[in-house]
Amino acid sequence: MADTKTKPTAASVEDFLSAVEPAPRREDARAVCALMQRLSGEAPRLWGGTMVGFGSYHYRYASGREGNAFRIGFSPRKGALVLYIMDGFPGHAALLDRLGRHTTGKSCLYLKKLADVDLGVLEELVAASLRHMRELYPEG
């Protein structure tokens, strides 16, 4: 079984965020980092070199695959700011409807810029996702 490449590293989150280009994406990344740190109560940690994660949990699939991942996180990618938050919790769709301009993928929320979304709704969404993850994976 292949080993996952997405592991926590000892690299500096601040150094990583300081190198994000362009500057508006860097500032959005810093704002999301502060939001996730405040909501999770966890320090940010660089995972796999390009993702900033908060907290961790251990998962095990029926297939036997298992590993560790962050509870919530984000990555300031070239095309969008990607938030890694769990979906499927009660009220998820309603929050997305109120959020503003975004796209989604499996447990990914893509934002071109924070100015396109309602920051209060984003905070509700991240907090609800974090609560859902803590219910699903209470250890960690």
Side-chain angles (χ1 to χ4, degrees):
M1 190 173 303
D3 196 30
T4 183
K5 293 179 183 173
T6 307
K7 295 179 181 178
T9 71
S12 166
V13 171
E14 180 53 38
D15 289 350
F16 171 71
L17 294 179
S18 292
V20 171
E21 291 293 339
R25 174 80 27 92
R26 180 173 49 250
E27 295 313 311
D28 284 354
R30 284 192 168 126
V32 167
C33 187
L35 172 77
M36 288 186 167
Q37 184 170 3
R38 181 172 51 80
L39 293 175
S40 70
E42 301 277 351
R45 202 148 175 210
L46 202 59
W47 287 66
T50 62
M51 294 176 274
V52 179
F54 300 83
S56 66
Y57 69 99
H58 186 78
Y59 62 86
R60 181 176 293 123
Y61 297 134
S63 67
R65 179 178 166 92
E66 62 182 293
N68 296 307
F70 48 79
R71 290 185 185 271
I72 57 173
F74 72 94
S75 183
R77 305 278 185 189
K78 182 178 181 180
L81 184 61
V82 183
L83 279 65
Y84 302 104
I85 56 176
M86 183 62 74
D87 59 5
F89 54 84
H92 180 258
L95 286 168
L96 288 179
D97 287 345
R98 295 177 29 226
L99 181 61
R101 188 174 172 198
H102 70 278
T103 57
T104 59
K106 186 165 179 65
S107 295
C108 294
L109 175 65
Y110 300 92
L111 307 175
K112 292 287 185 183
K113 53 188 174 182
L114 285 184
D116 290 342
V117 299
D118 181 316
L119 295 179
V121 174
L122 181 63
E123 182 169 337
E124 287 181 61
L125 189 60
V126 172
S129 173
L130 188 56
R131 278 192 306 274
H132 186 61
M133 286 298 295
R134 286 177 173 154
E135 290 168 5
L136 292 174
Y137 303 97
E139 83 291 338

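Reckoned from all heavy atoms, side chains included, excluding hydrogens, waters and symmetry mates. On a predicted model such as this, the values are computed, not experimentally measured, just so you know.
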Does a side chain donor of either Arg77 or Ser75 reach within less than 3.5 Å of an acceptor in the other side chain? yes
Contact summary for [X] and [Y], nearest pair of heavy atoms:
| X | Y | result |
| --- | --- | --- |
| Val126 | Ile72 | CG1-CD1, 3.9 Å |
| Ala31 | Leu114 | CB-CD1, 3.7 Å |
| Leu130 | Ser40 | CD2-CA, 3.4 Å |
| Gly79 | Lys112 | O-NZ, 3.1 Å |
| Pro8 | Arg45 | CB-CZ, 3.6 Å |

Atom pairs and distances, donor-acceptor, side-chain atoms in residues 85-98, under 3.5 Å, two or more places apart:
| from | atom 1 | to | atom 2 | distance (Å) |
| --- | --- | --- | --- | --- |
| Arg98 | NH2 | Glu124 | OE2 | 3.0 |

Using the test side chain to side chain donor-acceptor pair (under 3.5 Å), find all partners of Arg101 that sit at least two apart in sequence or belong to another chain. none
Any [X] side-chain heavy atom under 4.5 Å of [Y] side chain:
| X | Y | value |
| --- | --- | --- |
| Pro22 | Glu27 | no |
| Gln37 | Phe54 | yes |
| Leu109 | Leu122 | yes |

Gap separating the CZ atom of Phe16 from the CE atom of Met51, nearest 0.5 angstrom: 9.0 Å
Name of the residue among Tyr84, Phe70, Phe74 meeting side chain to side chain contact (heavy atoms under 4.5 Å, CB included) with Val52: Phe74
Any donor-acceptor pair under 3.5 Å linking the side chain of Ser18 with the backbone of Glu14? yes
Output all residues satisfying salt bridge (Lys or Arg N to Asp or Glu O under 4.0 Å) with Arg134, sequence neighbours left out; order by chain, then residue number. none
